[in-house]
Amino acid sequence: MKLNIQDRFSSELPADPNLQNTRRQVHKACFSFVSPKKPAKPSLVHLNDDVAEMLGISKEDRQSRAFLDIFSGNHIPEEAKPYAMNYGGHQFGHWAGQLGDGRAINLAEIKHNQHHLAIQLKGAGETPYSRSADGLAVLRSSIREYLCAEAMHYLGVPTTRSLSLIKSGDQVMRDMMYDGNAAYETGAIVCRVSPSFIRFGNFQLLASREDIETLKKLTDFTIKHHFQGIEVGTKRGYIDFFREVSQRTLKMIMHWQRVGFVHGVMNTDNMSILGLTIDYGPYGWLEGFDPGWTPNTTDRQHKRYRYGNQSQIALWNLLQLANALYPLVQDVKAFEDVLNEFGPNHKLQFEAMMRDKLGLTNGQLNDLDLFNQLNKTLVKTETDMTIFYRLLADLTKVDNPGSMLQKISKAFYDDDLADDTKQAWLTWLTSYKARLAKEEPSDAARKQSMNMVNPKYVLRNYMAQLVIDDAEKGDYALLDDLYEMLKSPYDEQKQHEKWFAKRPEWARHKVGCSMLSCSS
Ligand code: AMP
Ligand code: MG
């Protein structure tokens, strides 16, 4: 198989001179060369033809043994020099020092047509950054990453993507809920793809060590290759870069809020410098709309990374990035000015998002109260976010609030609404009806535009778990089926109507469906 390998990161940035695969602190270097572990018996679980196409991998090559060998780490292509990246990060608000790619190995960067993409094998074995862990990943978490990244892509959310999901043939020991019940699980490797896997933490680590020379090299590299139009090597360029990262990050978060995605671990080592969703771990999708919800059991106590806090955390993370870039600019005010833009931009984008979700075209009117009232009403009774917004598109200008309530009632988990909840809904629907009366477009046009921003199908937590349960038994039919369905999340898909349904009761408290840990 011929891959057009053109490594930029590893050829232009300082490498760790130590070639041993031993765990250590790595200074004055952006990465360490390391080879993937040979898998015992690789077997293909899923392959993404669209991404394969982007990488210039022919249909024949996709079927080949070579594909399996390369993307499981069994065979390293001749020109490839695999490496693990060096980065640090704030974990749950605390500086954690050096982290790095502990279980991801960058195989190569591939150039094909207009694409220049880095490919990374997640779960490919130990690296100098593996600390006390094994560098491996299990099928359960690999399916979650593989499927969700693609679902996000087709939802229009900036994200890394997935090329392939391969079982390694190795058994991996995991204590899934950290409760002393360790067991062997099926090992797997996801080949994920992105223009770059550089994170906030790459800059932070260098700044924390006062290695300004390497920090400058990394920043100049990032701007040169990934932020076209921004000056390289000047103070103004660094501030423009920081502004662009801030804007991309905010945009990504607004997409998460729109579709009801909770990342779960927004540590700064999991924040892509490109504003892409990265590192799918204990993420989850809102079923009942609840700003206080997080799927990550590790964060159960403080709920730092809850749905309603994601934009605040993004800002906090950007402040850490500003601190890291500060030595290159040494102008506090310049960074503060950018950070101060976040709040007003967030307000504007929140309002635009809510207008889109509610099908309102006239941006001249002040609808903030309508939006805030809706978010308050949505939490009065457990209301399925995805179903609610799709049903909302069925309302017409001539409906009265009572019939409107009838139309959205399938989104409620409880059949009988308490009187005050019912009243709150009637009040809100009365306001919404009055607001719709000021809209020019027809009901049909509004429905069409709402259905382009409010997905019909998302990867509900229990759906991923059903795929996992089947895949553990070697049955990938559901994986194939949901993968196809999630490629058109905004379309009506009659054959998939059963997935447009509230979470079944059995999944409410089941591990993997509502409770997830970082263990993967
Ligand atoms: P994550 O929670 O996936 O963002 O991981 C946080 C840090 O722990 C990163 O540096 C990972 O590379 C590392 N890590 C997580 N799981 C493993 C593992 N099984 N083996 C080695 N390193 C790991
Ligand atoms: Mg990570």
Side-chain angles (χ1 to χ4, degrees), residues 21-26 30-32 34 36-37 39 73 82-106 118 120-146 148-149 159-160 168 170-176 178 182-190 192 194 196-205 208 262-274 276-284 294-299 304-305 313 317 320 516-520:
N21 192 358
T22 51
R23 285 134 209 239
R24 59 184 177 267
Q25 293 292 308
V26 175
C30 292
F31 65 93
S32 306
V34 62
K37 174 181 189 282
Y83 61 93
M85 284 186 180
N86 189 10
Y87 54 81
H90 276 89
Q91 298 188 313
F92 298 96
H94 304 283
W95 176 243
Q98 179 183 303
L99 296 165
D101 285 332
R103 57 163 163 195
I105 295 180
N106 296 270
Q120 194 177 74
L121 306 180
K122 185 166 174 181
E126 289 171 37
T127 76
Y129 309 98
S130 296
R131 296 177 290 154
S132 59
D134 56 12
L136 303 175
V138 296
L139 184 61
R140 142 177 78 81
S141 60
S142 304
I143 287 177
R144 285 172 50 82
E145 166 134 19
Y146 183 86
C148 194
T159 179
T160 61
S168 62
D170 292 303
Q171 294 290 299
V172 177
M173 182 70 92
R174 283 290 179 273
D175 181 356
M176 183 162 56
Y178 306 126
Y184 277 113
E185 295 192 46
T186 308
I189 297 145
V190 171
R192 56 183 187 176
S194 172
S196 167
F197 289 98
I198 299 173
R199 302 135 192 274
F200 288 14
N202 295 65
F203 302 87
Q204 283 185 283
L205 181 64
S208 78
V262 186
H263 182 282
V265 203
M266 289 178 69
N267 293 337
T268 54
D269 51 303
N270 290 339
M271 298 295 292
S272 143
I273 202 71
L274 302 184
L276 305 175
T277 314
I278 192 174
D279 279 13
Y280 291 85
Y283 67 82
T294 176
N296 185 357
T297 47
T298 315
D299 194 21
R304 179 180 172 85
Y305 298 139
I313 290 294
N317 288 345
Q320 308 316 315
L516 292 145
S517 73
C518 291
S519 143
S520 53

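These numbers were taken from a predicted model, which means no experiment stands behind them. Read the numbers this way: they start at 1 and go in the same order the structure lists the ligands and their atoms. Basis for what follows: all heavy atoms, side chains included, without hydrogens, waters or symmetry-related copies.
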Handout entry: From CA spacing to verdict: side-chain contact (heavy atoms from CB on, under 4.5 Å), Gln120, Thr160
Key = CA-CA 10 Å; Gln120 194 177 74; Thr160 61; over 6 Å; no

Practice task
Using a 4.0 Å heavy-atom cut-off, say whether Arg131 meets ligand 1 through its side chain, its backbone, both or neither.
Solution key: side chain

Problem - ring pair (Phe, Tyr, Trp, His ring centres under 6.0 Å) partners of Tyr129, counting only residues at least two apart - result: none

Handout entry: Gln91 side chain near Leu99 side chain, heavy-atom distance below 4.5 Å
Key = yes

Practice task
List for me each residue that meets ring pair (Phe, Tyr, Trp, His ring centres under 6.0 Å) alongside Tyr184, sequence neighbours excluded, and say none if there are none.
Solution key: none

Handout entry: Pair Asp101 + Lys122, salt bridge at N-O below 4.0 Å
Key = no

Exercise for the section: Keeping the roles fixed (side chain from Asn21, backbone from Glu126), state whether a donor-acceptor pair exists under 3.5 Å. Expected result: yes

Practice task
Record the part of Leu136 in heavy-atom contact with ligand 1 below 4.0 Å; permitted values are side chain, backbone, both and neither.
Solution key: backbone

Problem - Nitrogen or oxygen of Lys122 less than 3.5 angstrom from that of ligand 1 - result: no

Practice task
Please identify each residue that fulfils ring pair (Phe, Tyr, Trp, His ring centres under 6.0 Å) with Phe197, with sequence neighbours left out.
Solution key: none

Completion exercise
The atoms of ligand 1 lying under 4.0 Å from a heavy atom of Asp279, numbered in the order shown, are 4 (O)

Exercise for the section: For ligand 1, note which part of Asp101 has a heavy atom under 4.0 Å away: side chain, backbone, both or neither. Expected result: backbone

Practice task
Check whether the side chains of Tyr280 and Thr159 place a donor and an acceptor atom closer than 3.5 Å, and report yes or no.
Solution key: yes

Exercise for the section: Considering the heavy atoms of Gly135, write down every atom of ligand 1 situated less than 4.0 Å from one of them. Expected result: 18 (C), 19 (N), 20 (N), 21 (C)

Problem - Closest candidate by heavy atom, reference atom 1 (P) of ligand 1, pool Arg103, Glu145, Glu126 - result: Arg103

Practice task
Would you indicate which of Ala104, Gly100, Gly102, Gly201 comes nearest to atom 10 (O) of ligand 1 when only heavy atoms are counted?
Solution key: Gly100

Handout entry: Residues Gln204 and Thr268: side-chain donor-acceptor under 3.5 angstrom
Key = yes

Handout entry: Flag side-chain contact, heavy atom, 4.5 Å: Phe92 against Asp299
Key = yes

Handout entry: ligand 1 atoms in contact with Arg174 (distance to a heavy atom under 4.0 Å)
Key = 19 (N)

Exercise for the section: Scan side-chain atoms only and decide if Asn296 and Thr298 contain a donor-acceptor pair under the 3.5 Å cut-off. Expected result: yes

Exercise for the section: Check whether any N or O atom of Tyr129, backbone or side chain, sits under 3.5 Å from an N or O atom of ligand 1, and answer yes or no. Expected result: no

Fill in the blank from the handout: Note: ligand 1 atoms sitting under 4.0 Å from heavy atoms of Asp269 are 4 (O), 6 (C)

Practice task
Report yes or no: does Arg24 contribute a side-chain atom to a donor-acceptor pair with the main-chain N or O of Thr22 at less than 3.5 Å?
Solution key: yes

Exercise for the section: Could you tell me whether some N/O pair between Asn270 and ligand 1 is separated by less than 3.5 angstrom? Expected result: yes

Handout entry: the Mg ion (ligand 2): protein N, O or S atoms that are less than 2.8 Å away, sorted by chain
Key = Asn270 OD1, Asp279 OD2

